[in-house]
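Take a look at the structure below.
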Number of protein chains: 2
Amino acid sequence: MTIEQLNASDEYRVRIFKALADHTRLQIIRTLKGSLTELNCGEVGERCEASKSNASYHFRTLREAGLILVRKEAQTKYIQLHQETFDTYLPGFLDSL
Amino acid sequence: MTIEQLNASDEYRVRIFKALADHTRLQIIRTLKGSLTELNCGEVGERCEASKSNASYHFRTLREAGLILVRKEAQTKYIQLHQETFDTYLPGFLDSL
DNA sequence: TAAGTTGTTCAATAGTCATAGAACTATTAT
DNA sequence: ATAATAGTTCTATGACTATTGAACAACTTA
């Protein structure tokens with residue numbers, strides 16, 4: 001099933017809400033939202049007090065829900081919020097966070 | 001912990017998102033949103049194709065997340081969306097559903 | 001090339017969630 | 001009283017989730 005097909009269905013909504021239904025992932029989102037500079041996985045994980053593998057697990061969950069975007073540069077991966085998904089499925093949510 | 005204290009914290013957000021992260025519960029919300037007349041538990045459960053005990057389980061989850069309100073009349077319980085919670089934590093969500 | 005950095009994947013584990021059916025409570029109607 | 005109706009709670013079960021540490025892969029630098 002493509003992302004386009006998922007978008008139209010409850011399954012995608014469920015995936016988004018599952019991704020948001022976790023304290024660590026909310027912290028990750030809050031960290032990304034609040035940072036003035038671009039952050040990599042390690043920096044975000046550290047600020048959220050998650051172990052390396054645990055942080056990676058949460059990044060995958062967020063990425064598969066379309067909530068973050070990842071840019072790779074050498075061995076480092078930089079993360080940012082996928083604003084469009086929030087705008088479409090959760091208008092106003094980021095502001096309330 | 002009171003609802004007032006929960007409101008201020010991530011824990012309440014997590015509870016809300018967990019409550020929304022299920023297909024049956026999204027259907028319940030959609031059913032309540034779309035109905036012109038007041039519906040009771042049995043009617044909602046039937047329209048969402050959930051067994052009696054399963055529907056009751058989902059109603060509890062939604063109620064504990066503050067997403068529905070229940071009014072008892074004789075042996076029947078009527079359910080409605082708790083609009084205020086949606087307005088506060090999920091502005092625009094019901095419209096997008 | 002060897003060592004260091006950054007991040008992912010695997011395997012194991014403990015905890016939570018969704019589901020069904022049976023038993024139960026509360027209320028109404030005969 | 002008895003039976004019928006509307007929901008809830010209990011028990012068991014299978015599936016999924018979050019977490020950790022170890023092993024791995026990719027890239028950089030000494």
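Below, chain A is the first sequence line, B the second, and so on; all start at residue 1. Keep in mind it's a predicted model, so treat the numbers as computed, not measured.
- As a whole-Å value, the separation of B:Arg15 CZ from C:dT16 P is 13 Å.
- Atom CG of A:Leu81 sits about 9.5 Å away from atom NZ of A:Lys33, to the nearest 0.5 Å.
- Salt-bridge annotation for A:Glu11 and A:Arg13: absent, with no side-chain N of the basic residue lying under 4.0 Å from a carboxylate O of the acidic one.
- Between the CG atom of B:Leu62 and the P atom of D:dG7 there is a distance of 15 Å, given to the nearest Å.
- Protein atom CZ of A:Arg60 is 13 Å distant from nucleotide atom C1' of C:dG7, rounded to whole Å.
- Whole-Å rounding puts the B:Phe59 CZ to D:dA6 C1' distance at 12 Å.
- Taking only side-chain nitrogens and oxygens, A:Asn40 never comes nearer than 4.0 Å to OP1 or OP2 of C:dT6.
- Between the CD atom of B:Glu49 and the P atom of C:dA18 there is a distance of 18 Å, given to the nearest Å.
- When each of A:Leu62, A:Ile28, A:Leu32 is checked for a side chain to side chain contact (heavy atoms under 4.5 Å, CB included) with A:Leu67, only A:Leu62 meets the rule.
- Applying the ring pair (Phe, Tyr, Trp, His ring centres under 6.0 Å) test to every pair with at least one member in residues 14-39 of chain A, sequence neighbours left out, gives these pairs: A:Phe17-B:Phe17, A:Phe17-B:Phe93.
- Here B:Ser56 lies in heavy-atom contact (under 4.0 Å) with a base.
- Following rounding to the nearest Å, B:Glu43 (CD) and D:dA6 (P) show an atom-to-atom distance of 9 Å.
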* **Protein proximity profile, nucleotides 17-30 of chain D - base contact B, sugar-phosphate-only contact S, no contact -, cut-off 4.0 Å on heavy atoms** => SBBBBB---SSS--
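- As a whole-Å value, the separation of B:Ile68 CD1 from D:dG7 P is 12 Å.
- Summarising the geometry, the separation between CZ on B:Phe17 and C1' on C:dT16 is reported as 19 Å, rounded to the nearest angstrom.
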* **Working for side chain to side chain contact (heavy atoms under 4.5 Å, CB included), residues A:Gln80 and A:Val70** => CA-CA 7 Å; A:Gln80 58 178 300; A:Val70 179; over 6 Å; no
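- The side chain to side chain contact (heavy atoms under 4.5 Å, CB included) with A:Lys18 is formed by just one residue from the set A:Val14, A:Ile16, A:Asp22, A:Leu20; it is A:Val14.
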